[in-house]
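In the text below, chain A, chain B and the rest are named by the order of the sequence lines, each starting its count at 1.
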Amino acid sequence: MIRLFDSLKTEVRPLRLREPGKVSMYVCGPTVYGLPHMGHGRFTLVWDMLRRWLTFQGYDVNFVSNITDIDDKIINLAAAQGTTESAIADRYEQEWWTAMAKIGVAPPTHSPHATDYVAEMVTLIEELASQDIAYRLSDGMYFDTSRVADYGALAGQPLDSLRAGARIETVEEKRSPLDFALWKNAKEGEPSWPASFGAGRPGWHTECVVMSLGLLGDGFDLHCGGLDLKFPHHENERAQAVASGHPFAQHWAHNGFVMVDGEKMSKSLDNFTSLTDLLNRTDPRAYRLLVLRSHYRSPIEVSPATIEDAERALDRLDSLARRFELPALAGEEFVSAANQPAGMLSDRVTEYLEDDLNSPLAVAALFEALSQANTLADEGQGDEAQNLAEAINTLFGALGLTLRGQSSAIDAESAEIVKLRDQAREGKNWTEADRLRDSLVKLGWVVEDSPTGTVIRR
RNA sequence: GGCGGCGUGGCCGAGCGGUUAGGCAGGGGCCUGCAAAGCCCUCCACUCCGGUUCGAAUCCGGACGCCGCCUCCA
């Protein structure tokens with residue numbers, strides 16, 4: 001079984017499964033109040049890779065990732081635009097799924113919406129309140145963090161230092177500055193749900209704990225998310241589960257940040273890049289390759305240069321697919337366990353990935369194999385080369401990266417020019433042949449001469 | 001202030017005591033009417049100063065620089 005760094009135990013350890021052969025994993029999804037950004041792209045790609053790999057290994061993966069469709073930011077945006085919260089949430093959820101499809105992230109097994117689980121959230125808060133773990137203040141319900149013995153375990157810091165660092169509180173009557181809102185009382189004109197402790201809406205931390213436990217059950221296997229969610233979001237999810245007597249995630253995994261010019265990408269620094277925009281401008285596979293080529297816990301530098309680098313590397317992969325006529329795999333489809341190739345390459349890739357998801361080493365091994373396959377083919381060992389190329393294709397496919405050997409359909413006009421150019425070349429009329437090549441290039445084709453004549457592709 | 005992480009060749013990015021990481025770019029070659037694409041080969045490293053060791057990018061100590069979390073955040 002794969003070994004992963006566990007943020008709670010701060011060590012790499014095997015992922016243990018509640019049920020043999022079945023993986024239950026939860027990934028904190030987006031709050032839909034804007035276009036997805038590069039950070040969203042990274043976390044979805046990283047956990048999609050893990051999910052695909054586990055599926056490829058024959059595990060039955062129950063992958064839950066939520067949509068947070070009620071939140072202060074959604075409310076504020078709706079007010080600013082004079083529209084409803086649900087209109088905002090719907091619109092950006094659409095954008096989200098469009099981007100996910102484009103980048104080849106497979107849809108979750110379940111993608112719960114926070115607003116569909118409010119009743120369960122109310123029940124949880126009532127339960128906590130009955131034990132005085134949740135308490136009421138003027139603006140809502142709060143969680144008493146002192147009631148969880150190991151609160152701060154995920155943060156990896158002593159409680160004192162967390163308390164010392166806490167900013168000036170707006171709600172001064174909280175029992176501790178660390179206590180967090182479970183429920184926010186309804187305000188004029190804002191969406192709200194009824195509750196015994198007063199109409200209002202749930203706090204973010206309560207949403208995720210209810211949805212994850214609700215769909216995956218007590219003691220599910222793995223909880224994933226961006227490093228910035230570790231504290232306080234994940235800490236607070238865990239606190240609520242522990243306090244209400246539910247064993248929570250047995251393993252925690254966090255991915256690193258997207259960096260721009262050496263700094264964490266964030267809206268406040270105005271170095272924010274929209275994923276939607278990137279996917280419209282570049283080959284969507286480039287970002288996946290970029291993510292695969294760095295370790296999931298390391299920061300990655302995203303810039304036009306690193307994306308272009310990946311696009312060129314992709315060219316080489318595609319040319320392998322062309323040379324060996326490999327089928328296009330992956331996309332929204334999984335490469336199934338039944339297709340696992342035998343051999344040393346597969347063993348190496350497996351070994352690397354099982355060691356805390358070392359995809360950079362796995363990709364390096366695949367590129368080495370690419371050279372090897374080409375060399376074998378050059379030396380006339382066609383069958384061996386073909387087998388190796390197919391293994392490379394399958395293994396990249398298992399990680400969600402599709403190799404594309406097929407060129408796009410050729411229109412009648414271009415086909416005619418190709419025909420004319422081949423005639424010109426046959427007659428050794430190089431001037432005319434070059435002129436026709438130029439016109440094909442202007443139409444956006446890459447023009448190559450082959451033993452059978454002009455070959456064009458895009 | 002507290003806690004944690006990082007500093008690798010032109011760029012990205014692995015590495016966890018001894019072996020070529022890998023990719024992109026650069027250089028050379030093959031192929032080609034010329035190209036393009038592709039293939040093959042190849043130059044270029046480990047922030048600095050001490051220490052441990054037969055041997056350190058890798059371990060220890062120190063210096064400098066950078067980043068993150070502690071606050072909404074993937």
Regarding A:Ile300, tell me which of base, sugar-phosphate or nothing describes its non-hydrogen contacts under 4.0 Å with the strands shown.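 It contacts sugar-phosphate atoms only.
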By the 4.0 Å heavy-atom rule, please label A:Arg421 as base, sugar-phosphate, or nothing.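 Base contact.
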Between [X] ([atom1]) and [N] ([atom2]), how many Å, whole number?
X: A:His40; N: B:C72; atom1: NE2; atom2: C1'; result: 12 Å
X: A:Glu311; N: B:C11; atom1: CD; atom2: P; result: 21 Å
X: A:Leu320; N: B:G23; atom1: CG; atom2: C1'; result: 15 Å
X: A:Ile67; N: B:A74; atom1: CD1; atom2: P; result: 12 Å

How far, in whole Å, is B:C40 from B:C70 if one measures between their P atoms?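 Nearest-Å result for B:C70 against B:C40 at atom P: 47 Å.
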Looking only at atom P, what distance separates B:C59 and B:C72, rounded to whole Å?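 It comes out at 35 Å once rounded to the nearest Å.
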Fit a plane to each ring of A:Trp252 and A:His234, take the angle between them on a 0 to 90° scale, and name the class: parallel (under 30°), tilted (30 to 60°) or perpendicular (over 60°).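 If you compare the ring of A:Trp252 with that of A:His234, the planes turn out tilted.
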Look at the rings of A:Phe220 and A:Tyr26 and say which category their plane angle falls in: under 30° parallel, 30 to 60° tilted, over 60° perpendicular.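 Tilted, since the angle between the ring planes falls between 30° and 60°.
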The test is side-chain hydrogen bond (donor to acceptor under 3.5 Å, both in side chains); show your working for A:Asp179 and A:Thr145 and say whether it passes. CA-CA 5 Å; A:Asp179 291 356; A:Thr145 52; 2.7 Å; yes
State whether [X] places a side-chain N or O below 4.0 Å from either non-bridging phosphate oxygen (OP1 or OP2) of [N].
X: A:Thr306; N: B:G13; value: no
X: A:Arg425; N: B:C34; value: no
X: A:Asn358; N: B:A21; value: no
X: A:Lys264; N: B:A74; value: no
X: A:Arg437; N: B:C34; value: no

Looking at A:Arg285 and A:Asp318, is any side-chain nitrogen of the basic one under 4.0 Å from a carboxylate oxygen of the acidic one?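 Counted as a salt bridge, because a side-chain N and a carboxylate O are separated by less than 4.0 Å.
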Is there a donor on the side chain of A:Asp449 or the base of B:A35 sitting less than 3.5 Å from an acceptor on the other?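 Flag set: donor-acceptor pair detected.
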With the six-membered base ring of B:G33 as reference, does the ring of A:Trp430 sit under 5.5 Å away with planes under 30° apart?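 Stacking is present between B:G33 and A:Trp430, given that their ring centres fall under 5.5 Å apart and the planes under 30°.
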Check step by step if side-chain hydrogen bond (donor to acceptor under 3.5 Å, both in side chains) holds for A:Thr431 and A:Asn429. CA-CA 6 Å; A:Thr431 313; A:Asn429 185 350; 4.5 Å; no
Dot-bracket, 5' to 3', for RNA chain B please: Watson-Crick or G-U pairs under 3.5 Å, [ ] where pairs cross earlier ones, | where the partner sits on another strand, dots elsewhere. ((((((((.[[[..)..(...]]].(((((.......)))))....[[[[[..)....]]]]])))))))....
Under 4.5 Å between any side-chain heavy atoms of A:Val446 and A:Glu448, yes or no?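 Yes, close enough: below the 4.5 Å cut-off.
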